[in-house]
Protein chains: 2
Amino acid sequence: MTQAPPCCEENLPPVLVITVDEMAAIAKALAHPARIRILEQFDECVPRVVGDIVADCRLAQSTVSEHLRILREANLLFARKDGPRTWYCVRRSVLHAFSRALDDLAIEPVLHQASGH
Amino acid sequence: MTQAPPCCEENLPPVLVITVDEMAAIAKALAHPARIRILEQFDECVPRVVGDIVADCRLAQSTVSEHLRILREANLLFARKDGPRTWYCVRRSVLHAFSRALDDLAIEPVLHQASGH
DNA sequence: CGACTCTATCGCTGATCGTCGATTTGTGAA
DNA sequence: TTCACAAATCGACGATCAGCGATAGAGTCG
């Protein structure tokens with residue numbers, strides 16, 4: 001276990017709004033227990049290397065690498081190469097934007113009425 | 001368009017916590033643009049019949065019925081039969097529980113530190 | 001240079017998904 | 001009963017997914 005670099009997300013632009021297609025793409029990336037557990041492994045803003053992530057899954061290295069690719073392409077993880085290793089960290093702003101978009105799908109009646117009809 | 005009955009969710013118990021497998025199952029149900037759009041169709045707490053939902057999708061009746069089944073089995077929709085029709089409405093508490101669980105995946109560092117390490 | 005480590009990608013398999021038309025089931029009306 | 005209608009289910013098809021071992025490529029250390 002190597003010394004972790006600072007959080008990877010710090011210099012990325014914050015995510016504000018999401019389209020329906022983007023929501024579906026993010027949901028698809030989350031649609032597997034192994035991928036949820038991988039995200040759960042991340043503590044706060046601390047990046048992790050693939051080897052450690054693999055060690056905490058009961059799956060082949062190639063399978064975990066594939067799950068990481070899926071999470072990365074959905075912008076739920078950010079990858080930073082560091083010599084032979086790759087550090088991953090969670091894109092919390094994307095997760096939050098998705099969670100907010102879900103809440104908007106389920107707007108409270110009272111809020112809806114308050115905005116004018 | 002028939003007169004809608006009162007909200008279907010009113011007498012269902014609220015959803016509090018979700019397991020990893022349940023999160024993945026909900027995400028899988030959300031992992032298709034057509035299903036997100038179906039949820040978007042619902043206004044506040046107003047139930048809808050299948051015919052109206054089909055009319056707002058560009059998909060065959062059988063395809064929409066299948067999407068509704070998937071949303072229903074993930075507890076994102078609740079169905080109530082009324083004569084030859086079926087009224088659907090959104091289970092907002094499930095959507096909210098899922099959204100909260102996602103936020104927990106992305107706990108802010110400051111909150112995490114405040115709870116003791 | 002060669003040997004080794006770390007990670008990503010390839011190729012394959014079986015399983016599941018998305019879509020449709022056709023059919024079935026259930027209900028109410030004539 | 002007979003008919004019409006609403007919705008669910010069936011059967012089939014191609015497409016995509018999840019898993020693995022094997023391999024490739026990039027980097028490090030002697």
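We name chains A, B, ... by the order of the sequence lines, and we start the count at 1 in each one.
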Evaluation steps, salt bridge (charged side-chain N to carboxylate O under 4.0 Å, His left out), between A:Asp103 and B:Arg100: CA-CA 9 Å; A:Asp103 286 338; B:Arg100 261 180 277 119; over 6 Å; no
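- Taking for each of A:Thr63 and B:Thr63 the nucleotide of DNA chain D with the nearest heavy atom, the 5'-most of the two is the partner of B:Thr63.
- The residue A:Thr86 sits close only to the backbone: its heavy atoms come under 4.0 Å of sugar-phosphate atoms, none of a base.
- Put simply, CG on B:Leu59 is 15 Å from P on D:dA8, counting in whole angstrom units.
- Nucleotide C:dC17 holds its C1' atom 16 Å from the CG atom of B:Leu30, rounded to whole Å.
- For B:Tyr88 and D:dA8, the shortest distance from a side-chain N or O to OP1 or OP2 is below 4.0 Å.
- Note: CG (B:Leu71) to C1' (C:dC17) measures 14 Å, nearest angstrom.
- A donor N or O paired with an acceptor N or O is found under 3.5 Å between the base of D:dA8 and the side-chain atoms of B:Gln61.
- In this structure, B:His67 does not reach the C:dC17 phosphate: none of its side-chain N or O atoms is under 4.0 Å from OP1 or OP2.
- Side-chain N/O atoms of B:Ser62 and base N/O atoms of C:dG21 include a donor-acceptor pair closer than 3.5 Å.
- Rounded to whole Å, the distance from CZ on B:Arg48 to P on D:dA7 is 11 Å.
- Among the nucleotides D:dA8, C:dT7, C:dT9, the one closest to the side chain of A:Arg72 is C:dT9.
- B:Glu66 has its CD atom 14 Å from the P atom of D:dG11, to the nearest Å.
- OP1 or OP2 of D:dG19 sits under 4.0 Å from a side-chain N or O of A:His32.
- Atom-to-atom, NZ of A:Lys28 to P of C:dT16 comes out at 17 Å; the value is rounded to the nearest Å.
- Counting all heavy atoms, side chain and backbone alike, B:Pro33 lies closest to A:Val20 at O-CG1, 3.8 Å.
- One can place CD1 of A:Ile38 at 13 Å from C1' of D:dA18, the figure rounded to the nearest angstrom.
- One atom, CZ of A:Arg69, and another, C1' of D:dG19, lie 13 Å apart when rounded to the nearest Å.
- For the pair B:Arg85 and C:dG28, the criterion of a side-chain N or O lying under 4.0 Å from OP1 or OP2 is not met.
- Set against C:dT7, C:dG18, C:dT19, the side chain of A:Val49 has C:dT7 as its closest nucleotide.
- Residue-level contact check: A:Arg58 touches neither bases nor backbone, having no heavy atom under 4.0 Å from any strand.
- Here the closest non-hydrogen pair linking B:Phe98 and A:Phe98 is CE2-CE2, 4.1 Å.
- Distances from the side chain of A:Pro84 to the nucleotides D:dG27, D:dC20, C:dT19 place D:dG27 closest.
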